[in-house]
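Lettering of chains follows the sequences in order, A, B, ..., and the numbering in each one begins at 1. For the numbers below, each heavy atom of this structure counts, side chains included, while hydrogens, waters and symmetry mates do not.
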Amino acid sequence: MPEFASAFLRTLSERGFIHQCTDAAALDARASSGAVPAYIGFDATAPSLHAGSLVQIMMLRWLQQTGHKPIVLMGGGTTRVGDPSGKDESRQLLDDAAIESNIAGIKQVFSRFLNFGDGPTDAILVNNDAWLRGLRYVDFLREVGRHFSINRMLSFDSVRLRLEREQPLSFLEFNYMILQAYDFMELNRRHGCALQMGGSDQWGNIVNGVDLTRRMSDAEVFGLTTPLLTTAGGAKMGKTAGGAVWLNGDMLPPYDYWQYWRNADDADVGRFLRLFTTLDLAEIARLESLQGAEINEAKKVLANAATRLLHGEEAAERAAKTAAETFVEGGGASADLPTISVDGGRLAEGVGVLSLFVEAGLTASNGEARRLIKNGGARLNDEKIADDSRQVSMNDIAANGAIKLSAGKKKHVLVRPN
RNA sequence: GGAGGGAUGCCCGAGUGGUUAAAGGGGACGGGCUGUAAACCCGUUGCGUAAGCUACGUUGGUUCGAAUCCAACUCCCUCCA
């Protein structure tokens, strides 16, 4: 990696954000001489972003911290088409109402990472539905479509891989890259946007946008991608056992978010600290060099810092405290563990453990709960459950007023009577 | 529109009339070892307390008995027009 003059590129480079860049030297010069508006697009396919998008969000954060203007593009329009990049099959099409509500959910997160406003380096959030929905087909074909060659489009991974694997690719999806390219040009016109960033799977879409903007607006714009992030275990970033690591607190409690980072693979700690926290690099180097069990300290720092960024100082501290109580001190049922309430009357009569595990969301069915017990992984108030016909009653309520159910060593739920 | 091929559990994939709740692999989950890690080892992996029920694209049929045979339909792929 060359030495960059601009704080922006230097930071991204040092922290491991850069995979490819269209013209790094020219972009560096541009970023050194004034505020650069840059955008990243987010599809509205789910009601929340997950940890897989965090690299992009952090990149926007650094952009702003180093004196530039972040543009968050919500893909209200493009989501109606569906990005084929990196997918073998077309995704189910979402209707407008679902897209609307997804956008509302996704928006929440950005204000934690970026400062929005009207100033030159304040972040703005726009929705490409604003200019895509009203497009007129024939006009669009004449003005935009003529700049695209099918020969070239077919060579892009997003298309080529589908064809090679004999997976269907609809004409609708085929057009996605054109619309995304058009977005870039439109953002350049409207907001002077000069840079699009994204994951490495977006490279094709991004360079198309760079080309189109040059052809139609005669403007030089840039593209930059992040490396495809996987954990050392080979898993995709942001996916775990239990599902996606959602950023919205109502979809994944801060405690679970904290746990996600705390459970990072040893080999990932340094990389994650650089990407997902704002700690300075010297400190990260120190943490990263910890050996053996000591690296757990680094994981706690990572979990604290990452949770603080997303959920705030207080939530991060509570999560850390709960984790300490749960894992270090063993017993105690900390108040911040996930909690369900059960009707007091039912509890007085006694409730079967199996159904209680299902109600707590620890197992998907009674059968699964039974297996869990048989495998010795089910605990009630930290005592192994041996009998799957056991009844749980008021007598099981511990001193703190709740019953603690555990599935394995890491998943715990408190049951409170109401 | 025509011809051919296909659809099996979370995923991949075997199975072409009976002991098939369906081989094998992956994933996931639990246990062991550890450091709430990785690797490794062991176990589990449709629902139901059970009788039993549901399941191999959908619907109907043949049969004592079907994922397996037949018919129609749906969707996908390839080639031709």
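- Using a cut-off of 4.0 Å between Lys/Arg side-chain N and Asp/Glu carboxylate O, A/Lys300 and A/Glu297 are scored as salt-bridged.
- Contact annotation for A/Trp258: base contact, defined as any heavy-atom pair under 4.0 Å involving a base atom.
- One P atom belongs to B/G60, the other to B/A51, and the distance between them is 28 Å to the nearest Å.
- Rounded to whole Å, the C1' atom of B/A28 lies 29 Å from the corresponding atom of B/C75.
- Within the nucleic acid shown, A/Ala378 has no heavy atom closer than 4.0 Å to any nucleic acid atom.
- Across all strands shown, B/C29 is found opposite B/G43 as a Watson-Crick or G-U wobble partner, with both distances under 3.5 Å.
- With P as the reference atom, B/A7 and B/A14 are 9 Å apart, rounded to whole Å.
- At the heavy-atom level, A/Arg262 lies under 4.0 Å from base atoms of the strands shown.
- Among the protein residues, A/Gly292 comes within range of the nucleic acid bases, having at least one heavy atom under 4.0 Å from a base atom.
- Nearest nucleotide to the side chain of A/Gln259, out of B/A37, B/G30, B/U36: B/U36.
- For the C1' atom pair drawn from B/A23 and B/G15, the interatomic distance equals 8 Å after rounding to whole Å.
- At a threshold of 4.0 angstrom between heavy atoms, the contacts of A/Ile295 include nucleobase atoms, whether or not backbone atoms are also involved.
- When each of B/A50, B/A38, B/G30 is scored by its nearest atom to the side-chain atoms of A/Asn375, the top-ranked nucleotide is B/G30.
- Look at A/Glu349 and A/Arg346 and you find no salt bridge, because none of the NZ, NE, NH1 or NH2 atoms lies under 4.0 Å from a carboxylate O.
- In this structure, A/Ala267 reaches neither bases nor backbone, as no heavy-atom distance under 4.0 Å exists between it and the strands shown.
- In this structure, A/Ser365 reaches the sugar-phosphate backbone alone: every heavy-atom distance under 4.0 Å involves primed, P, OP1 or OP2 atoms, never a base.
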Exercise. Would A/Phe276 and A/Leu309 satisfy side-chain contact (heavy atoms from CB on, under 4.5 Å), going step by step from the backbone distance to the final call?
Worked result: CA-CA 9 Å; A/Phe276 302 118; A/Leu309 272 174; over 6 Å; no
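- A/Lys411 comes within 4.0 angstrom of sugar-phosphate atoms only, judged by non-hydrogen atoms across all strands, and of no base.
- Nearest nucleotide to the A/Lys410 side chain, out of B/G35, B/U36, B/G46: B/U36.
- Using a 4.0 Å cut-off between charged side-chain N and carboxylate O, A/Asp382 and A/Arg379 make no salt bridge.
- Proximity note for A/Ala323 (side chain, C-beta onward) versus B/U44, B/U36, B/G35: the nearest is B/U36.
- If you run side-chain hydrogen bond (donor to acceptor under 3.5 Å, both in side chains) between A/Ser6 and each of A/Thr11, A/Asp28, A/Thr66, only A/Asp28 comes through.
- A/Asn366 comes within contact range of the sugar-phosphate backbone alone, with a heavy-atom separation under 4.0 Å but no base atom that close.
- Among the nucleotides B/C33, B/U36, B/G35, the one closest to any side-chain atom of A/Lys409 is B/C33.
- For B/U49, the OP1/OP2 oxygens have a side-chain nitrogen or oxygen of A/Arg370 closer than 4.0 Å.
- At the phosphate of B/C47, OP1 or OP2 sits under 4.0 Å from a side-chain N or O atom of A/Arg371.
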